[in-house]
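Read the numbers this way: they start at 1 and go in the same order the structure lists the ligands and their atoms.
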Amino acid sequence: MNRRHFLVSAGAGLSALALPAGSFARLPEETDAAFNARMAWWREARFGMFIHWGVYAVAAGRWRGLTLPGPSEWIMSTARIPVADYEPLASRFNPVKFDAAAFAELARDAGMKYMVITSKHHDGFAMFDSKLTDWDIMDRTPFKRDVIKELSAACPDAGVKFGIYHSILDWHNPDQKKNFPRYVEYLKGQLKELLTGYGEFGSIFFDGEWIPRWTTALGEDLERYVRSFQPNVTINNRIGKRATVDQGGYTPGKYIEGDYDTPENVIPKKLPPRDWETCMTFNDSWGFKQDDHNWKDTGTLIKMLVDCVSLSGNFLLNVGPTAEGIIPEESATRLREMGQWLKRNGEAVYGTTFGPARGWQLRSTRKGNKIFLHLFNWPGRLAVKLGERVKRAYVLSDPAAGDLTFRQNGDLLTIDLPGKRPENNVSVVAVETA
Ligand code: FHN
């Protein structure tokens, strides 16, 4: 193996945009201190499970024998299915193999600290017992079990914070077109059912806010409404019109939508101006899609997680359970492998923020006086510019192997790496600064 030096520059463009504590968020009357206290668990968590599940899992991306393009949860729109032809899917939704504890434990074993499941997606179907409609899992399916209730109960036992995804767009409720104010009351009514009957939520991920009649003002009103039931819940920027701070700049005292921005299936390349979370599909669909086998491999997923935390962001990785109630093995296996990696390297992820060094094959995170250098390759010798005095360096996943030899010449840190690569995908060298 050619023992090439690996030189990377310290903090190219990273430090300039350090996240100003708490200023970009939420309702103007909330203090920075209160905001940062509220966000602490979320910033510590860094890695969560997204779950897109609903009657669309029955169709699994196919309609009348044809496989439709695009994500399976959009099939009602993609295949232009009238409500009357779509509704019978519910009578075939009977996920008898569903085990809420197994879902929560898989998230735990993957090293995920929170869960976000679809209480209602764009097709309007409620995966909980709603008294405001019979288009829900209790009235329209043979299953007649409240999935949201069971998961919200199972998550705390697994040490996973429970949360929901709730769509503002609703293809099933005619009021969305005919009587929007009444639809907004319906939306608020179902949220009240969820916020008062399913325990404390960690986060709420709103979506479908692009419908023309939804406004930032409606978003602000909804945020106040939600917080009147659960003041501490973290809410994404899609409660408004998905504006991001750097789009409109920030005016002190002006309402900014939600607590964090939500890039989708992309990971920023530079430090965003406020808290953010990338949500990512495991293949190319959010809902279960029978013919979609384009699964990302474990190494790619771990690099994506590292890419997020190394820019102070969270990674919300999605699973699409089948109509039987099973999380596809292709996802479960890779999640467990990610969990094994996090067992050995979690200190370099949980509660960390962006680090001072970044390069083609290197990312870095920081926590206290520790800097974690995440190497996507394993050069014989690592040379990195680091403007801080170093007192110790070691392989995070194998501290017993002893400290590594390093030299510091000005801000150039050179570390001799052991021949054997500690990890197949991302190896972490921990550096303790003086
Ligand atoms: O249309 C939805 C899609 O089905 C999925 O829920 C993603 C996840 O964030 N969001 C929307 C597309 O932006």
Side-chain angles (χ1 to χ4, degrees), residues 42 47-63 67-81 86 89 112 114-127 147-148 163-173 176 187 190 194 201-212 214 219 234-244 247 257-268 272 275-290 292 294 296 301 304 308 313-321 327-328 331:
W42 195 84
F47 187 31
M49 177 183 274
F50 211 1
I51 304 178
H52 278 70
W53 198 25
V55 297
Y56 41 79
V58 174
R62 293 180 181 171
W63 193 252
T67 296
L68 278 292
S72 70
E73 73 283 358
W74 268 74
I75 200 159
M76 186 174 173
S77 167
T78 320
R80 300 192 186 337
I81 307 171
Y86 187 83
L89 284 176
M112 293 162 148
Y114 61 110
M115 176 187 287
V116 179
I117 177 167
T118 49
S119 49
K120 186 193 83 163
H121 202 263
H122 308 333
D123 64 0
F125 184 78
M127 291 291 279
V147 162
I148 302 299
I164 59 169
Y165 161 113
H166 201 81
S167 177
I168 293 166
L169 167 63
D170 190 322
W171 294 319
H172 188 272
N173 187 318
Q176 179 136 104
L187 173 69
Q190 284 199 318
L194 289 160
F201 291 158
S203 54
I204 302 183
F205 190 109
F206 285 100
D207 204 9
E209 79 296 336
W210 54 79
I211 52 177
W214 190 254
T234 58
I235 296 174
N236 70 338
N237 65 333
R238 301 183 191 187
I239 194 169
K241 294 302 274 186
R242 205 187 298 206
T244 59
Q247 264 168 341
E257 295 150 343
D259 301 318
Y260 60 96
D261 293 339
T262 51
E264 181 168 309
N265 277 335
V266 290
I267 299 175
D275 293 286
W276 60 280
E277 172 196 72
T278 279
C279 53
M280 184 70 68
T281 52
F282 228 114
N283 50 10
D284 300 316
S285 178
W286 300 94
F288 175 70
K289 189 169 184 181
Q290 194 148 6
D292 184 340
N294 186 24
K296 296 172 179 71
L301 295 165
M304 286 178 167
C308 290
N314 284 23
F315 188 48
L316 188 67
L317 180 56
N318 183 76
V319 296
I327 291 175
S331 297

Enquirer: So, does W214 use its side chain to make a donor-acceptor pair with the main chain of I239 at under 3.5 Å?
Expert: yes

Enquirer: Taking only heavy atoms of the protein into account, state which residues are under 4.0 angstrom from an atom of ligand 1, in chain and number order.
Expert: F50, H52, E73, W74, H121, H122, Y165, F205, D207, W210, R238, R242, E264, C279, W286

Enquirer: Answer yes if the ring centres of Y86 and W171 are under 6.0 angstrom apart, and no otherwise.
Expert: no

Enquirer: Checking S285 against W74 for the side-chain contact (heavy atoms from CB on, under 4.5 Å) test, could you report, in this order, the C-alpha distance in whole Å, the side-chain angles of both residues, the deciding distance, and whether it holds?
Expert: CA-CA 9 Å; S285 178; W74 268 74; over 6 Å; no

Enquirer: Passes side chain to side chain donor-acceptor pair (under 3.5 Å), N314 versus Y114? Steps please.
Expert: CA-CA 11 Å; N314 284 23; Y114 61 110; 3.2 Å; yes

Enquirer: Would you list the atom pairs, donor with acceptor, under 3.5 Å between side chains in residues 201-210 and any protein atom, with sequence neighbours excluded?
Expert:
{"residue": "D207", "atom": "OD1", "partner": "R238", "partner atom": "NH1", "Å": "2.9"}
{"residue": "D207", "atom": "OD2", "partner": "Y165", "partner atom": "OH", "Å": "2.7"}
{"residue": "E209", "atom": "OE2", "partner": "R242", "partner atom": "NE", "Å": "2.9"}

Enquirer: Quick one: do the H52 and T118 side chains pair a donor with an acceptor below 3.5 Å?
Expert: no

